[in-house]
Structure formats: structure tokens, C-alpha cells
Visitor: 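Can you read through this structure? Questions will come right after.
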Amino acid sequence: RAWLDAGLATVSPRLAPASRVDSARQKPREAWEYLARFTASMAALVLARRSPRSLPLAAARLCQRRLSTEPAYAVEPYRNLLNATQEQRSSWADADATLHAAMREHVPAALAHNGEEDFDRHLVGVQSVLRSWGAAERLTNAALFHSIYGTEGFQGYALPLSHRGEIAGLIGAKAERLAWIFCMVDRATVDATVFAAAEGDWPADGVEFAFRARPELGAFPIPLRSGGTRHLEWLDFLTLSLADWLEQVEGASSKQVGRPVGDGVLWPKGEAWAYRREAYAEMAALLARRADPAFRRSVLGEAEGSEVPPEDAAVALAAPAMHAEVFGREPSWSRGISQPTTPPMGAAALAAARAAAASRAADDKTSAYRKAMEAAAALVAPPSRKHVSEAFSALPPPPPPPDENEKLPPPPPMPPPMPPKGSAPPKNCLKISRGSTFMPAPPPKPGPPEPASPLRPASPN
């Protein structure tokens, strides 16, 4: 029985996928444990009756096989909080029970998203990942509601925004604002700030990063807040985003995912690893710097010698470690694939994408028409002063002025003056028309050449 109890204590998280410490799953966990103990006891009884001496050896082999089995996904130890103490588990169970009771009383509409008797596995998984990292409570609370208003990737359910005040009363204003940003934001604008920070292009002093909402929501600006420390809300949002993707990427890559709207496949099997790959890698690298005193002093604006909050130090260690662990399981054939943007995941997003594509095509056509009109106008327009100046500057330089001391050649002789009107024509001139206009007579035609004489050369004529 000792061997069986030890093996059961080790493998119970794998035997019971619902073995969570929150109150909503406390009863299923106990039921699973009782069922597992009863089955193990009956198996031990059967084995003992058949072969009493082989029972310890069989139990040892069973426990060894279970202990050496790796979890199905790298996220399983984080989901099951294997590194948490019993005191932490009890504290979190009490907090979850209080939160779930408040939701049932004040915001029953939210239970359609999170489940009446059981929180959604992904939402609880993201919360467990952040708890395993040692993140602040505002982040773990935001994780349970990070898709409650409908996100860029999840649009199956959306709580009306009129309930924002009630959600803020349940989990706190900072946690609710993180969840609201997560639901409203266009991921491409988030990645733009991540790449800018990775290249050292930080906003000026007193200025925070800003995102934009999704195109189908109007793309309105979402300025981020400092909260006493520069870029605090921005770093919190990156922490939530990275935990959200690391919790699901390996499971999403194990199957083919179809497009929620339109035709085709969103991710063929094994290609979900490519989604925003570079952005998530930069997020992990930036979060690793949260415990660096130089980074906190130069970028976050903290004073010299300020202590690093324990939750920031814990996240700085755990987040990049889990990123390396999860993406270390990616097969080599998919590591060269990249999908930097989110495809349309809803009817409104698809309509907005098509409208944006049509607008870009119209802009390109208008730009081409404008260029053609400018070229045609340049052909018929009078030359401007600038064009004339450019034309003169292209001419060769004028010759230098003549030297005053230099002797000029004599001018050519002037032709004889014309005779006055009515006078007789001069000799050797022909009258070609009535009046007094004359022209010189043509020279006489050359005659036949004279015969050559031995006494003198022949005449040139």
C-alpha cells in the first residue's frame, strides 16, 4: 500500500486532468483520488491472491514507469502548479472560491464565458502559468478574464462592455484594464512597440507606448499608463500575452486548425509555432531584463539603489525559461516558418480586412493616376523660373571676350552698290524683269581645249 500511495501521489495530476486546487475543482479532484485509490486497492488484492511475492516488484515497476514518463506538453507542470507549496495552493483555492462566488452573485453573465461549475481550461491554465512564474495578483486575476470581451483571436463570446465596472469591482481596476486592452488591441501594434524597444527606440521621457484597437473596432488609440513606474502597464501586458501563448501553442500545433470565417486552414498541423514567433521571442528577452538594475534605472526611471519587486524578479527568471522550454520542443522542419500577423478571425474582422485591402488598391490606383497627370502637366506647362535656370546652367560657358591689343582681321570687301532706278544696265549684266533690277551676266562658257603644243602647256580652259 505504501508503494501504491507513493505512485498515486506522483501520478495523480496525470490521472486527473481536473486536479486543480481551486474550489470549483476540489470535488472532482477528491472523486478522482477516491476512484484511483479504490482501483489500486482492488488491483493489489487481486495480485496478492494470485502471486503474493511478485506484488512489491510489480508495484515498483509501475511507479518507475509512471515517474519516468514525460508530460504530454511542456506546460503541464505549470498548469498543475507542481512547484507550488501547500500553503500557496490553499491560499489560491480560497481566493478562487471567493471570486467564483462573487461572479455568481454580481456578474452571472460572465459565467457563460467562464463556465458555471468549472472555469475554462485555457483561462485557468494561463492563470496557473502566471502563478507558477510568481507574477503579481493583478496579472493572475486578469488571466481569468483576458478574453471576456472577445479578442482578436477568440470571438465566440463577448461580455458587453457595460459590465466593465462590475468586472473591475471583482478583480480590481488594473486587472480589468489589462483584460480590456487584451480584448480590444490590434496585435500588430503591440509587436511594433516590442520591436522598437528591442532596437532601443524607447519613447521620450514622460511618454508611454500606445497601441491601437482592432480595425473592426475603429482602430482608436489605446495609450498605456505608467502606474508610478514607466512602462509598467506595457510590461504587464507583455507578460500576460506571453503566458497566454505559451499555455496553448504546443496543443494548437498538435492538430490542424481551420479558419473561423471564410475558407481554408488557419494553421496546418504543426505550423501554429510560426504565429508571431519573432515577437514572442523578443517579449521573453525583454521580460528577462525586468530584474536588471541598469534596465530599471535607465528605462523604467527608478532611482539608484531601488529594490527590485519580488514578482518582477521571479517573472524575469521564469518567463524566458518557459519560453525556451516550450519552443525547445518545436520540430526542426517548422522553425523556418513565420506568420507575423493575425488573420481575420471573425466576420467583422474579415469585412474590415477586405475594406482595408480595397482602400489600399484604390490608393494605389489614385497614386498612379496622380503621377500620370503630373507627368502630362509637365509636358504642356510653361517653363518655370527654376526650369529656365536649370536649362541655362546646362549650356556650355560663353567664350572669353577678345583681347583689346589683339589685331583683328580686316573686314571682307563690301559689294558694289546697285545702280539707280531707270539707269542703263552696266556691262556684263542681263535684265531679267521689267524695271531696273539687274543681275550680273553669267560667265562665258568654256570653249574646247586648245591642242597641246610642245612649246607651251595647254591652257587650263
Visitor: Can you tell if the side chain of T239 reaches within under 4.5 Å of the side chain of E311, non-hydrogen atoms only?
Guide: no
Visitor: Can you sort out the partners of S241 under side chain to side chain contact (heavy atoms under 4.5 Å, CB included), two or more places apart, ordered by chain and number?
Guide: F182, F237, M283
Visitor: Any idea which heavy atoms bring A284 and P320 closest together, and the distance?
Guide: O-CB, 3.9 Å
Visitor: How are the rings of H122 and H146 set relative to one another: parallel (under 30°), tilted (30 to 60°) or perpendicular (over 60°)?
Guide: perpendicular
Visitor: Before giving the answer on salt bridge (Lys or Arg N to Asp or Glu O under 4.0 Å), spell out for D236 and R290 the whole-Å C-alpha distance, their side-chain angles and the decisive distance to 0.1 Å.
Guide: CA-CA 11 Å; D236 283 349; R290 293 194 72 168; 3.7 Å; yes
Visitor: Does the side chain of W92 come under 3.5 Å of the side chain of Q127 through a donor N or O and an acceptor N or O?
Guide: no
Visitor: CG/L286 to CH2/W234 distance, rounded to the nearest 0.5 angstrom?
Guide: 5.0 Å
Visitor: Side chains of Y73 and Q248: do they bring a donor and an acceptor to under 3.5 Å?
Guide: no
Visitor: Step through the shown structure and confirm whether more than 12 heavy atoms of other residues, nucleotides or ligands are within 6.0 Å of CG on N83.
Guide: no
Visitor: Please name the pair of heavy atoms, one in T193 and one in A210, separated by the smallest distance, quoted to 0.1 Å.
Guide: CG2-O, 3.9 Å
Visitor: May I ask you to decide if L81's main-chain N or O and R89's side chain share a donor-acceptor pair within less than 3.5 Å?
Guide: yes
Visitor: Using atom types as modelled and distance alone, determine if a side-chain donor or acceptor of T189 lies under 3.5 Å from a backbone N or O of R212.
Guide: yes
Visitor: Side chain to side chain contact (heavy atoms under 4.5 Å, CB included), that's the test. Do Y78 and V326 meet it? Break it down for me.
Guide: CA-CA 11 Å; Y78 298 90; V326 171; 5.9 Å; no
Visitor: Are the side chains of R121 and R79 in contact, using a 4.5 Å heavy-atom criterion?
Guide: yes
Visitor: I'd like to check Q88 versus S91 (side-chain heavy atoms, cut-off strictly below 4.5 Å). Are they in contact?
Guide: no
Visitor: For D96, is there an ion pair with R131 - N to carboxylate O distance below 4.0 angstrom?
Guide: yes
Visitor: Please state whether the rings of Y275 and W245 are parallel, tilted or perpendicular, taking 30° and 60° as the class boundaries.
Guide: perpendicular
Visitor: Are the side chain of E250 and the backbone of A74 linked by a donor-acceptor contact shorter than 3.5 Å?
Guide: yes
Visitor: Find the distance between CD (E176) and CG (N141) and round it off to the nearest 0.5 Å.
Guide: 12.0 Å
Visitor: Can you pull out every salt bridge (Lys or Arg N to Asp or Glu O under 4.0 Å) where at least one residue sits in residues 270-284? Sequence neighbours excluded, please.
Guide: D191-R276, R277-E330
Visitor: F211 and L224: side chain to side chain contact (heavy atoms under 4.5 Å, CB included), yes or no, with the steps?
Guide: CA-CA 8 Å; F211 302 149; L224 301 179; 3.6 Å; yes
Visitor: Supply the atom-to-atom distance R230 CZ to L235 CG, rounded to the nearest 0.5 angstrom.
Guide: 11.0 Å
Visitor: Identify, with sequence neighbours excluded, every residue that meets salt bridge (charged side-chain N to carboxylate O under 4.0 Å, His left out) alongside R296.
Guide: E302, D312
Visitor: What is the minimum heavy-atom distance between Y149 and L159, and which atoms define it?
Guide: CD2-O, 3.3 Å
Visitor: Checking the side chain of D186 only, and the main-chain atoms of A188 only, is there a donor and an acceptor separated by less than 3.5 Å?
Guide: yes
Visitor: Would you call V315 and L139 a side-chain contact if the rule is heavy atoms closer than 4.5 Å?
Guide: no
Visitor: For L161 and M184, what are the C-alpha separation, side-chain angles and deciding distance, and is it a side chain to side chain contact (heavy atoms under 4.5 Å, CB included)?
Guide: CA-CA 11 Å; L161 294 177; M184 299 291 110; 4.2 Å; yes
Visitor: Supply the atom-to-atom distance E247 CD to L130 CG, rounded to the nearest 0.5 angstrom.
Guide: 10.0 Å
Visitor: Side-chain contact, heavy-atom cut-off 4.5 Å: E233 with E208?
Guide: no
Visitor: Atom CD in E166, atom CG in L170: separation rounded to 0.5 Å?
Guide: 8.0 Å
Visitor: Any side-chain heavy atom of L246 within less than 4.5 Å of one from F327?
Guide: yes
Visitor: Compare every heavy atom of A142 with every heavy atom of A175, then report the nearest pair and how far apart it is.
Guide: O-CB, 3.4 Å
Visitor: Which pair of heavy atoms, one from A274 and one from I337, lies closest together, and at what distance?
Guide: CB-O, 3.3 Å
Visitor: Please check if the number of heavy atoms outside R225 that lie under 6.0 Å from its CZ is greater than 12.
Guide: no
Visitor: Within the structure provided, determine whether V75 and V249 are in side-chain contact (heavy-atom separation under 4.5 Å).
Guide: no
Visitor: Return the CD to CH2 distance between Q339 and W273, rounded to the nearest 0.5 Å.
Guide: 15.0 Å
Visitor: Does the side chain of H231 come within less than 4.5 Å of W202's, by heavy atoms?
Guide: yes
Visitor: If I compare all heavy atoms of L144 with all of L123, which pair ends up nearest, and what's the gap?
Guide: O-CD1, 3.4 Å
